[in-house]
Colleague: 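Here's a structure for you.
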Amino acid sequence: MPVDIQSDRVVLHHPAGASTTILLYGATVISWISPSISGTSAVPVTAEGPALVERFFVSSLASLDGSKPVRGGIPICWPIFGQPSREENKALKQHGFARSSVWKYEETVLDAREGVSGRFILENSDQTDKLFPHPFKLVYTVTLAEHQLTTSLRVHNTGSAPLAFQALLHNYFKGESSIAQVQPLKGVTYRDKVRNMVEDVETREIVDVREYTDRVYEAAGGNYTLSFPRSVHISIKTHNLPDVTVWNPQETGSSMADMEPNGWAHYVCVEPGYVKQFVELKQGEEWWGQQVLTVL
Ligand code: TA6
């Protein structure tokens with residue numbers, strides 16, 4: 001059965017064994033289980049073939065009951081990333097409200113080539129109007145293929161006034177942060193949140209997160225590889241998400257109530273987004289951004 005619709009979540013299944021679970025709360029992907037694709041990863045093989053492996057980190061102390069944004073998976077940051085930077089957004093909490101709103105499950109689309117897709121909808125409501133007085137419709141599509149997960153966010157300005165927003169997909173990839181490698185980012189300008197947002201240029205061929213890292217790379221190229229050497233390599237290809245944040249709190253993560261003990265040792269966040277500027281949509285216009293994650 002390609003789709004299992006439950007009261008608080010949807011599970012998509014691929015015939016080759018992959019699966020993904022999306023909470024209606026925040027349309028948050030909280031699991032992506034897939035086989036590796038080739039010999040570039042240490043592909044544990046079982047009697048049934050390549051082992052199926054969980055690709056996302058979700059803290060064991062994460063709230064999955066809708067009481068607070070999930071500490072893990074793919075929280076959706078919209079209509080802002082980080083703290084409000086504009087007066088009009090001052091009522092918003094960090095990273096906006098998309099990740100802490102209950103989305104509606106609209107439909108499942110089966111495609112022989114693409115895989116199985118689930119479509120989620122969030123429209124403005126009395127609650128959001130109080131925080132963000134702009135009519136909008138968000139359509140989030142999660143597509144599961146044998147070795148790939150694609151998530152796309154479409155934003156429609158359903159109001160008469162311009163709609164300005166940022167968007168970011170806050171991926172928590174599962175793996176040992178001590179060996180994580182992200183590239184290519186050499187020569188890319190970034191804002192360093194660890195150094196009070198100072199602007200700098202990346203000089204390393206390979207970015208690691210062995211130390212507390214919180215860097216927002218601007219116009220970063222849109223295509224990246226995340227490697228956990230001798231374990232797994234993940235390709236991240238994006239459309240319309242020109243910036244990328246690389247984050248791991250290391251021991252500072254112990255201050256987060258929903259971070260499991262030493263949780264920071266077991267993930268790295270590589271977060272494609274449109275965050276340096278704001279997207280500005282006129283009445284009736286729409287925007288879409290996408291990430292294609294492939295396990296190599
Ligand atoms: O994307 C990195 C970041 O902005 C960090 O500064 C840290 O705040 C992280 O997001 C988690 O934010 P959250 O609001 O989910 O605790």
Side-chain angles (χ1 to χ4, degrees), residues 23 25-30 56-86 89-101 131 151 153 165-175 177 180 182 185 188 190-200 202 207-218 220 224 226 236 238 241-278 289 291 293:
L23 282 185
Y25 179 74
T28 311
V29 172
I30 57 169
F56 283 125
F57 168 87
V58 175
S59 167
S60 58
L61 298 181
S63 303
L64 301 180
D65 61 358
S67 56
K68 66 181 290 188
V70 177
R71 179 68 60 206
I74 314 179
I76 300 170
C77 300
W78 193 89
I80 60 169
F81 170 64
Q83 292 293 341
S85 58
R86 291 185 171 185
N89 295 330
K90 66 180 186 302
L92 298 178
K93 290 185 180 171
Q94 170 156 283
H95 297 340
F97 53 76
R99 64 175 184 166
S100 52
S101 300
L131 302 169
T151 74
L153 179 65
F165 61 89
Q166 297 169 310
L168 176 133
L169 300 170
H170 202 295
N171 303 312
Y172 285 74
F173 291 105
K174 188 180 176 81
S177 61
V182 185
L185 289 171
V188 177
Y190 65 90
R191 292 276 178 184
D192 191 344
K193 293 172 80 169
V194 175
R195 291 185 289 158
N196 206 18
M197 293 305 276
V198 74
E199 183 175 291
D200 205 338
E202 184 55 69
V207 169
D208 65 66
V209 293
R210 287 193 293 264
E211 294 180 4
Y212 173 19
T213 302
D214 195 351
R215 297 183 174 193
V216 184
Y217 292 89
E218 300 170 348
Y224 320 101
L226 165 62
I236 303 168
T238 69
L241 299 171
D243 312 313
V244 65
T245 294
V246 177
W247 173 63
N248 184 287
Q250 292 301 341
E251 288 72 14
T252 67
S254 58
S255 66
M256 297 175 178
D258 56 359
M259 178 68 77
E260 69 185 48
N262 205 39
W264 52 85
H266 306 298
Y267 76 85
V268 61
C269 281
V270 182
E271 315 159 16
Y274 192 116
V275 296
K276 183 186 178 192
Q277 313 285 349
F278 278 69
Q291 63 175 354
L293 310 175

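Just so you know, ligand 1 is whichever comes first in the structure, and atom 1 is the first atom listed for that ligand. Nothing here was measured: the structure is a model prediction, and the numbers come from that model. Reckoned from all heavy atoms, side chains included, excluding hydrogens, waters and symmetry mates. Numbering of residues begins at 1 and proceeds along the displayed sequence.
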Colleague: For Asp65, check side-chain contact (heavy atoms from CB on, under 4.5 Å) against everything at least two apart and list the hits.
Modeller: Ser63, Ser67
Colleague: Show the protein residues that qualify under the rule heavy atom under 4.0 Å from an atom of ligand 1, listing them in chain and number order.
Modeller: Arg71, Phe81, Gln94, His95, Arg99, His170, Lys193, Asp214, Thr245, Trp247, Glu271
Colleague: What residue among Leu293, Thr151, Leu241 forms side-chain contact (heavy atoms from CB on, under 4.5 Å) with Pro272?
Modeller: Leu241
Colleague: Kindly give the heavy-atom pair with the smallest separation between Ser177 and Tyr267, and that separation in Å.
Modeller: CB-O, 3.4 Å
Colleague: Is the distance from the ring center of Phe173 to that of Phe57 below 6.0 Å?
Modeller: no
Colleague: Identify, with sequence neighbours excluded, every residue that meets side-chain contact (heavy atoms from CB on, under 4.5 Å) alongside Asp214.
Modeller: Lys193, Val194, Tyr212, Thr245, Trp247
Colleague: Under the side-chain contact (heavy atoms from CB on, under 4.5 Å) rule, collect the residues that match up with Pro79, sequence neighbours excluded.
Modeller: Leu92, Phe97, Phe132, Phe165
